[in-house]
Amino acid sequence: MNDREFDVIVWGASGFTGRLVAAHLLERDAGGPALRWAMGGRSVTKLEQVRGELGERASGVPLVVADADDQATLDALAARTRVVCTTVGPYARYGSKLVAACAERGTHYCDLAGEVPWMRRMIDLHHRRAEATGARIVHSCGFDCIPSDLGVLYLEQAMQRRHGTVATEVKLRVRDARGGFSGGTVASLLNTLDEAERDPGVRTVIEDPYALNPEGERRGLDGPDRLLPVFDDDFQSWVAPFPMAPINTRVVRRSNALLGYPYGHGFRYEEGLLVPFGPLGFPIAAGLSAGAAVVGAAASIGALRRALTPLLPRSGEGPSRERRESGYWEIELLGRDPVRREATLRVRVRGRGDPGYASTSRMLGEAAVCLARDELPARGGVLTPAAAFGEALIGRLTAHAQVTFEEL
């Protein structure tokens, strides 16, 4: 693919998050030869407006026009670049033809998808073809699911160095965060609920803890997602359900399978949100759990969901630069070998910037550069961040995305 015109096309650059990815590529030090990248979208007028708003440094960035509903234009777009980096969601509505184009032409691809049923469909439709062409199709390259997926990978590698074993039991706890979910995330969730209302099979996929695992390997020791608060002795704190867990956990389990079960066939993984005040935090944890249950129940009813939609953040909108950059997030992971109980390890993963916008856009941008620049395992297919990037992306996130990984 060295003869392609571009290294990366940022598809959806005229949207809110796409513009942030474009700004990140302008600001970062790519190292080595200059990154050959372009901004892509449906409207040349909107792309020109964004390019102008990004300033003088963006004046030479090429623009590529295509239509998400026109397979021919997407095929042509995929043929021009080594990597397509897309922020255009909901992906179930706007992303399927682009994935098909990339898988067919051996073009690497990364996105921010958290739509598990759609990701399952892309695996079923395109994994084998992408394996054959060498295309790396990598979903969930933002706050969901890079901190979880690469956090587990980092912990497991540290466990091997320190204890000479793997952690077959891992739990992730969100310790702190400032910032909200993006409008694109909300739009994707609502679209998934719409699909589930029309097709009961979609709900079956949503509820399956191994929904993204390869065919014949959709089983394990993990059960349904926890809906009630629980007291965690390891963290001496009450834990409430984490809204992104139903996405993150399935990606981490697929990583274990794709990598050949380096975490063990009996690997168990779960996530939760730490509630402050230690043992006294039960009322808060219970309130968060009940609130999530009420919102989830209301959102699952079509009429109520449509009534709530105008009150939620809309795709294409986002907070001011000051609010984005003042945000942050911090998670901790604890892993243990249940046989050798002394073989226990904690790691911390932290990021600067609003998790839904600033931090996510940096992570996605670095994923695209990683696909374009780094010597990665010779593996094509519909992959996960850990299976596609491994340690290479951990290094890039530390150097360029203000994300840190550390043993505790």
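Counting begins at 1 with the first residue of the sequence. Every value quoted in this text rests on a predicted model; they were computed, and no experiment measured them. The figures that follow rest on heavy atoms only: side chains count, while hydrogens, waters and symmetry mates do not.
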Please check: side-chain N/O of [X] versus main-chain N/O of [Y], any donor-acceptor pairing under 3.5 Å?
{"X": "Thr168", "Y": "Gly264", "answer": "no"}
{"X": "His127", "Y": "Gly381", "answer": "no"}
{"X": "Thr81", "Y": "Val84", "answer": "no"}
{"X": "Thr133", "Y": "Ala103", "answer": "yes"}
{"X": "Arg82", "Y": "Ala372", "answer": "yes"}
{"X": "His108", "Y": "Ala135", "answer": "no"}
{"X": "Thr87", "Y": "Thr17", "answer": "no"}
{"X": "Arg218", "Y": "Tyr210", "answer": "no"}
{"X": "Asn256", "Y": "Tyr263", "answer": "yes"}
{"X": "Tyr91", "Y": "Leu112", "answer": "yes"}

Q) Which residue pairs pass the salt bridge (Lys or Arg N to Asp or Glu O under 4.0 Å) test when at least one of the two sits in residues 63-80, sequence neighbours left out? A) Glu5-Arg80, Asp75-Arg105

Q: Provide the full list of salt bridge (Lys or Arg N to Asp or Glu O under 4.0 Å) pairs with a residue in residues 229-255, sequence neighbours left out, each pair given once.
A: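 Those involving residues 229-255 are Lys171-Asp232, Lys171-Asp234, Arg173-Asp232, Asp222-Arg253, Asp225-Arg250, Asp234-Arg336.
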
What are the two closest non-hydrogen atoms of [X] and [Y], and how far apart are they?
{"X": "Leu155", "Y": "Ala167", "result": "CD2-CB, 3.8 Å"}
{"X": "Gly89", "Y": "Tyr94", "result": "O-CD1, 3.5 Å"}
{"X": "Ala386", "Y": "Leu150", "result": "CA-CD2, 3.8 Å"}
{"X": "Gln71", "Y": "Ala101", "result": "NE2-CB, 3.7 Å"}
{"X": "Ala392", "Y": "Asp374", "result": "CB-OD2, 3.7 Å"}
{"X": "Gly353", "Y": "Ala358", "result": "CA-CB, 3.9 Å"}

**Q.** Phe282 ring center near Phe277 ring center (under 6.0 Å)
**A.** no

Considering residues, nucleotides and ligands other than [X], do more than 12 of their heavy atoms fall under 6.0 Å from its [atom1]?
{"X": "Glu53", "atom1": "CD", "answer": "yes"}
{"X": "Lys46", "atom1": "NZ", "answer": "no"}
{"X": "Arg321", "atom1": "CZ", "answer": "no"}

Q.
Between Arg19 and Ser361, do the side chains contain a donor N or O and an acceptor N or O under 3.5 Å apart?
A. no

Q: Answer yes if the side chains of Thr86 and Asp111 hold a donor-acceptor pair under 3.5 Å, and no otherwise.
A: no

Q: Could you give me the CA-CA distance, side-chain angles and deciding distance for Phe242 and Asn248, then say whether side-chain contact (heavy atoms from CB on, under 4.5 Å) is met?
A: CA-CA 10 Å; Phe242 178 43; Asn248 297 337; 3.6 Å; yes

Q. In chain order, what residues pass the side-chain hydrogen bond (donor to acceptor under 3.5 Å, both in side chains) check against Glu156, with sequence neighbours excluded?
A. none

Q | Residue list, side-chain hydrogen bond (donor to acceptor under 3.5 Å, both in side chains) with Arg226, at least two apart or on another chain | A |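 Result, side-chain hydrogen bond (donor to acceptor under 3.5 Å, both in side chains) vs Arg226: Glu270.
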
To the nearest 0.5 Å, what is the distance between [atom1] on [X] and [atom2] on [Y]?
{"X": "Leu371", "Y": "Thr107", "atom1": "CG", "atom2": "OG1", "value": "11.0 Å"}
{"X": "Ser148", "Y": "Ile247", "atom1": "OG", "atom2": "CD1", "value": "10.0 Å"}
{"X": "Leu258", "Y": "Glu217", "atom1": "CG", "atom2": "CD", "value": "8.5 Å"}
{"X": "Leu383", "Y": "Cys110", "atom1": "CG", "atom2": "SG", "value": "12.0 Å"}
{"X": "Arg51", "Y": "Ser14", "atom1": "CZ", "atom2": "OG", "value": "12.5 Å"}
{"X": "Thr360", "Y": "Leu20", "atom1": "OG1", "atom2": "CG", "value": "10.0 Å"}

(Q) Using side chain to side chain donor-acceptor pair (under 3.5 Å), reason through His24 and Arg362 one step at a time and then give a plain yes or no. (A) CA-CA 6 Å; His24 174 71; Arg362 293 177 191 132; 4.9 Å; no

With the threshold set at 4.0 Å, does a side-chain nitrogen-carboxylate oxygen contact exist between [X] and [Y]?
{"X": "Arg350", "Y": "Glu406", "result": "yes"}
{"X": "Glu407", "Y": "Arg348", "result": "no"}
{"X": "Arg120", "Y": "Glu115", "result": "no"}

Taking the side chain as everything from C-beta on, heavy atoms only, tell me whether [X] gets closer than 4.5 Å to [Y].
{"X": "Ile137", "Y": "Met122", "value": "no"}
{"X": "Val252", "Y": "Ser255", "value": "no"}
{"X": "Thr404", "Y": "Val349", "value": "no"}
{"X": "Asn213", "Y": "Asp208", "value": "no"}
{"X": "Val138", "Y": "Pro385", "value": "yes"}
{"X": "Leu364", "Y": "Cys85", "value": "yes"}
{"X": "Val251", "Y": "Met119", "value": "yes"}
{"X": "Val347", "Y": "Phe405", "value": "no"}

Q: Could you walk me through whether Tyr109 and Val83 pass the side-chain contact (heavy atoms from CB on, under 4.5 Å) test, one step at a time?
A: CA-CA 5 Å; Tyr109 165 104; Val83 180; over 6 Å; no

Q: For Arg57, check salt bridge (Lys or Arg N to Asp or Glu O under 4.0 Å) against everything at least two apart and list the hits.
A: none

Q: List the steps and the verdict of side-chain contact (heavy atoms from CB on, under 4.5 Å) for Leu25 and Val369.
A: CA-CA 9 Å; Leu25 294 182; Val369 176; 3.8 Å; yes

Q: Could you please spell out the steps behind the side-chain contact (heavy atoms from CB on, under 4.5 Å) verdict for Trp329 and Phe143?
A: CA-CA 9 Å; Trp329 53 268; Phe143 185 63; 3.6 Å; yes

Q: Kindly indicate, with the supporting measurements, whether the criterion side chain to side chain donor-acceptor pair (under 3.5 Å) is fulfilled by Ser359 and Arg324.
A: CA-CA 8 Å; Ser359 192; Arg324 295 195 308 268; over 6 Å; no

(Q) Would Arg346 pass as a cation-pi partner of Phe235, given that its NZ or CZ must be under 6.0 Å from the six-membered ring centre and within 45 degrees of the axis? (A)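 Arg346 over Phe235 ring: yes.
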
Q: Please state whether the rings of Phe16 and Tyr357 are parallel, tilted or perpendicular, taking 30° and 60° as the class boundaries.
A: perpendicular

**Q.** By ring-ring contact (aromatic ring centres under 6.0 Å, His included) - contacts of Trp37 (at least two apart)
**A.**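 So Trp37 forms no ring-ring contact (aromatic ring centres under 6.0 Å, His included) with any residue.
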
